[in-house]
*Asks:* 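Right, I'll just put the structure down here and ask away after.
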Amino acid sequence: MMTKHSVLSQITESKVVAVIRGNNAEEAIQLTKAAVEGGIRIIELTYTTPRVQKAFEELQEIDALLGAGTVLDAETARHAILFGAKFVVSPHFSEEVAKVCNRYGIPYLPGCMTIREMVKALESGCDILKLFPANNFDPTFIKSVKGPLPHVQIMPTGGINASNMQDWLEAGAVAVGVGSDLNKAYTAGGYEAVVEASKKYITASTK
């Protein structure tokens with residue numbers, strides 16, 4: 001059985017989390033398979049995808065760590081965990097979601113923008129905090145936050161691409177969430193385009 005610590009370690013070692021938003025479950029499955037073929041090993045299947053549980057069911061054997069994204073409440077968190085999510089991500093911080101995740105030993109990565117939100121999330125047992133939307137901030141924001149909160153681990157998401165992700169990682173981000181580029185690649189060039197876009201992220205993460 002995978003421990004909370006091992007899941008968090010995989011996220012920080014991989015550095016790239018693919019945020020998968022499909023128009024349907026089948027599209028989410030194809031996006032995930034292409035991202036994994038391109039080298040991405042951490043996948044966040046969002047609950048904005050209709051019938052996302054079908055994607056969880058079909059991808060259980062894939063060579064990647066599957067988590068759930070856009071989890072807004074405790075019911076959705078529980079549903080995600082039952083369908084095999086190894087970590088849970090929200091656009092905001094929810095005390096109820098934190099309780100469910102702590103109960104089952106699942107890492108919870110909530111979206112936070114302020115020091116107040118970050119402290120509340122840390123007090124509720126969250127280890128990695130999602131800075132969202134990151135395109136409202138500059139990478140130097142991480143250094144500023146680490147003044148009063150030196151132990152905080154931040155994963156910027158939103159507006160991250162292959163050309164700016166290294167700036168965030170160098171600034172102290174433990175990982176980055178990427179997604180819109182993968183969706184654009186899929187719309188423009190299908191499966192193979194997502195594989196190539198994913199490879200660019202992996203190359204950028206190892207520079």
Side-chain angles (χ1 to χ4, degrees), residues 8 11-12 14-23 27-28 31-32 35 40 42-50 52 66-73 76-77 80 85 87-98 101 107-122 124 126-149 152-188 194 197-198 200-202 204-205:
L8 292 166
I11 292 171
T12 56
S14 298
K15 293 188 173 62
V16 183
V17 178
V19 182
I20 303 296
R21 292 187 192 281
N23 291 316
E27 187 173 293
L31 279 162
T32 299
I40 296 176
I42 313 293
I43 303 293
E44 176 190 325
L45 293 168
T46 64
Y47 264 74
T48 50
T49 302
V52 70
L66 295 181
T70 324
V71 174
L72 302 181
D73 49 47
T76 307
F87 62 94
V88 167
V89 187
S90 296
H92 69 311
F93 170 70
S94 161
E95 219 164 312
E96 290 73 30
V97 172
C101 290
Y108 174 40
L109 290 63
C112 299
M113 278 200 289
T114 66
I115 293 286
R116 180 184 175 132
E117 288 172 331
M118 289 178 184
V119 170
K120 192 151 181 57
L122 292 169
S124 297
C126 301
D127 295 280
I128 296 175
L129 310 183
K130 180 171 87 161
L131 177 64
F132 177 79
N135 48 354
N136 283 3
F137 297 90
D138 185 86
T140 56
F141 177 77
I142 293 180
K143 189 179 177 183
S144 302
V145 169
K146 280 184 173 284
L149 300 174
V152 74
Q153 298 193 86
I154 292 177
M155 181 181 81
T157 305
I160 308 293
N161 54 52
S163 55
N164 71 12
M165 66 176 281
Q166 196 57 38
D167 295 337
W168 284 100
L169 293 170
E170 285 173 7
V174 296
V176 295
V178 303
S180 54
D181 275 12
L182 301 182
N183 280 89
K184 285 174 191 166
Y186 190 74
T187 303
V194 178
S198 301
K200 285 178 185 170
Y201 279 114
I202 296 304
S205 72

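Worth saying up front: this structure is predicted, and the values here are computed from it rather than measured.
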*Asks:* Measure the NZ-CE distance between Lys130 and Met118 for me, rounded to the nearest 0.5 Å.
*Replies:* 12.5 Å
*Asks:* Could you tell me which residues satisfy salt bridge (Lys or Arg N to Asp or Glu O under 4.0 Å) with Glu96, sequence neighbours excluded, listed by chain and number?
*Replies:*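 None.
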*Asks:* Counting only heavy atoms from other residues, nucleotides and ligands, does the tally under 6.0 Å from NZ of Lys200 exceed 12?
*Replies:*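 At most 12 heavy atoms, drawn from other residues, nucleotides or ligands, come within 6.0 Å of this atom.
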*Asks:* Listed by chain and number, what are the salt bridge (Lys or Arg N to Asp or Glu O under 4.0 Å) partners of Lys120, not counting sequence neighbours?
*Replies:*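 Salt bridge (Lys or Arg N to Asp or Glu O under 4.0 Å) list for Lys120, sorted by chain: Glu95.
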*Asks:* Is Thr114 reaching over with its side chain to a backbone N or O of Glu117, donor-acceptor style, under 3.5 angstrom?
*Replies:*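 Checking the backbone N and O of Glu117 against the side chain of Thr114, a donor-acceptor pair under 3.5 Å is found.
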*Asks:* For Lys184, enumerate each residue passing the side chain to side chain contact (heavy atoms under 4.5 Å, CB included) test, keeping only those at least two apart in sequence or located in another chain.
*Replies:* Asp181
*Asks:* Hey, are the side chains of Leu31 and Asn183 touching, using non-hydrogen atoms and a 4.5 Å cut-off?
*Replies:* yes
*Asks:* Are the side chain of Asn164 and the backbone of Pro139 linked by a donor-acceptor contact shorter than 3.5 Å?
*Replies:* no
*Asks:* Between Ser90 and Val71 (side chain of the first, backbone of the second, donor and acceptor by atom type, cut-off under 3.5 Å), is there such a pair?
*Replies:* yes
*Asks:* Hey, mind stepping through Ile40 and Ile202 against side-chain contact (heavy atoms from CB on, under 4.5 Å) and telling me if it holds?
*Replies:* CA-CA 7 Å; Ile40 296 176; Ile202 296 304; 3.9 Å; yes
*Asks:* Checking Lys146 side chain against Val152 main chain: does a donor-acceptor pair fall under 3.5 Å?
*Replies:*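 Side chain of Lys146 to backbone of Val152, a donor-acceptor pair under 3.5 Å: yes, one is there.
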*Asks:* Answer yes if the side chains of Asp73 and Thr76 hold a donor-acceptor pair under 3.5 Å, and no otherwise.
*Replies:*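 Yes, because at least one side-chain N or O of Asp73 sits under 3.5 Å from a partner of the opposite role on Thr76.
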